[in-house]
Visitor: 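Quick one: the structure is below, and I'll ask about it shortly.
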Amino acid sequence: MSDIPTRDAAVHMTNYRRMPVTIVRGEGSRVWDTEGREYLDFIQGVAVNSLGHANPGLADVIAKQAHTLMATSNLFYTEERTRLAELLVANSVLDRVFFCNSGAEAVEGAIKIARKWGIQNREGAYEIISTHNSFHGRTLAAVAATGTPHYREPFGPPMPGFVFVDYNDVEQIKAATTPRTCAVLLEPIQGEGGVNVPDADYLKRVRAWCDEQGILLILDEVQTGVGRTGTMWAYEQAGIEPDIMTSAKGLGGGMPIGAVLAKEAYAVFEPGDHGSTFGGNSLAVAAGAYVITQMIDGGVIANAMARGDQLARRLAALEDVSPLVGGQRGAGLLRGLELTADVAPEVVARSLERGLILNPVRPNVVRFMPPLTVTAEEIDRAVEIVGGVVRDLAAERAAAR
Ligand SMILES: Cc1ncc(COP(=O)(O)O)c(C=O)c1O
């Protein structure tokens, strides 16, 4: 047995409960542990390895860039930073980009832009309407915007300026809007909150309300963006345009990168307003440019849509296999398997023993986020494993009654 878990526990802070696996290597949808065991990885760094583990093309780009230029700071121009910004602008409805290093930082940037815009253009408005069960990151402003109180409660008074409403309820947004409101902040699908998919017209109705009131719509596409839901951005499927958007996770294919994008009229940052030492570093943006190119020219988004449909069908069919399965939800390759009891941690633990890595996103929801390059055979194999787990678990529970 590897001694790494013991050494790890002796020196790390205890804010993570790790799975009992030490991963040494990955390739595509699969990883191997210190004992040589192979797993199908349907978490992928929590949706960051959009092209799978150790993608050879991405590895070549990163290696070449590392041998050429890694970091210059934002005080200089670089071709690769310009190129990724151009790609993001060309493949979205947004006009301007600021690069940072994570999802939380992207959300911080979005909050600062919306507040500055509100203070300048809406008589000092600074309040942002967010939703219960949302997740926007762990920095103090992002966590203040996050609708899960226990993530912020241990840390003293939260940053003011956020109000919370139920997700998928436009009337509550209307009721919460005041002259102090500058923006509404939403995930197109709540990821960490349980893969919660809103009604088909929700985002359209929120967009209409924001237009009517003259307030901004910020979409947090950190989890849903860059092909994850079967289109480049989830807003495309809702038929709307955000004013401000965040991206991170899959954008770097495994390299840490975040981005906040805004329409021209709302890109209010001026020199000195905001910054990041590492943001836009050549290594991360070269990776991002490769990822975006593969999404489109390499057919990766099309694969995400096709494999997502397959995963949805196969997961839905598990309802016939086990009374513990209540259905599936999501879009593209962001999927939640709904369970009829709070057994998600047990299902995840047993799936791991059978060689499949999943994530219990709620006590009764298991999340699936394979790489967007996943194959049809890998989807079938994963559903076979989890199907066996829920069938056996249901039988054991019935026998124990
Ligand atoms: C929608 C959303 N926003 C923001 C974040 C925070 O991203 P990061 O962990 O890179 O700071 C996450 C992470 O799960 C997320 O899902």
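In each ligand, atom 1 is the first atom listed, and ligand 1 is the first ligand listed.
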Visitor: Just to verify, which of Glu338, Arg335, Glu319 counts as forming a side chain to side chain contact (heavy atoms under 4.5 Å, CB included) with Gln328?
Guide: Arg335

Visitor: Give me the residue, atom name and distance of the protein heavy atom closest to atom 11 (O) of ligand 1.
Guide: Ala104 N, 2.8 Å

Visitor: Just to confirm my output: which protein heavy-atom neighbour is closest to atom 3 (N) of ligand 1, and how far is it?
Guide: Asp220 OD2, 2.7 Å

Visitor: Could you tell me which residues satisfy ring pair (Phe, Tyr, Trp, His ring centres under 6.0 Å) with Phe269, sequence neighbours excluded, listed by chain and number?
Guide: His274

Visitor: Centroid separation under 6.0 Å, is that true for the rings of Phe278 and Phe99?
Guide: no

Visitor: Short question: side chain of Asp243, backbone of Leu217 - any donor-acceptor pair under 3.5 Å?
Guide: yes

Visitor: Of the listed options (Pro256, Gly258, Gly103), which comes nearest to atom 7 (O) of ligand 1 when hydrogens are ignored and any heavy atom counts?
Guide: Gly103

Visitor: By number and element, which atoms of ligand 1 are closer than 4.0 Å to a non-hydrogen atom of Ser102?
Guide: 10 (O), 11 (O)

Visitor: Using a strict cut-off of 4.0 Å, indicate which atoms of ligand 1 neighbour a heavy atom of Gln223.
Guide: 14 (O), 16 (O)

Visitor: Is ligand 1 less than 4.0 angstrom away from at least one heavy atom of Lys249?
Guide: yes

Visitor: Please name the residue in the list Val97, Asn281, Thr72 that meets the side chain to side chain contact (heavy atoms under 4.5 Å, CB included) test with Arg81.
Guide: Thr72

Visitor: For atom 2 (C) of ligand 1, what is the nearest protein heavy atom, given as residue, atom name and distance?
Guide: Phe135 O, 3.3 Å

Visitor: So, for atom 9 (O) of ligand 1, does the protein have a heavy atom nearer than 4.0 Å?
Guide: no

Visitor: Under a 4.0 angstrom heavy-atom cut-off, which atoms of ligand 1 come close to Glu187?
Guide: 1 (C)

Visitor: Heavy-atom contacts under 4.0 Å between Glu221 and ligand 1: side chain, backbone, both, or neither?
Guide: neither

Visitor: Kindly say whether Thr181 contributes a backbone atom to a donor-acceptor pair with the side chain of Arg122 at under 3.5 angstrom?
Guide: yes

Visitor: Going by ring pair (Phe, Tyr, Trp, His ring centres under 6.0 Å), name the residues that satisfy it together with Tyr167, two or more places apart in sequence or in a different chain.
Guide: Tyr202

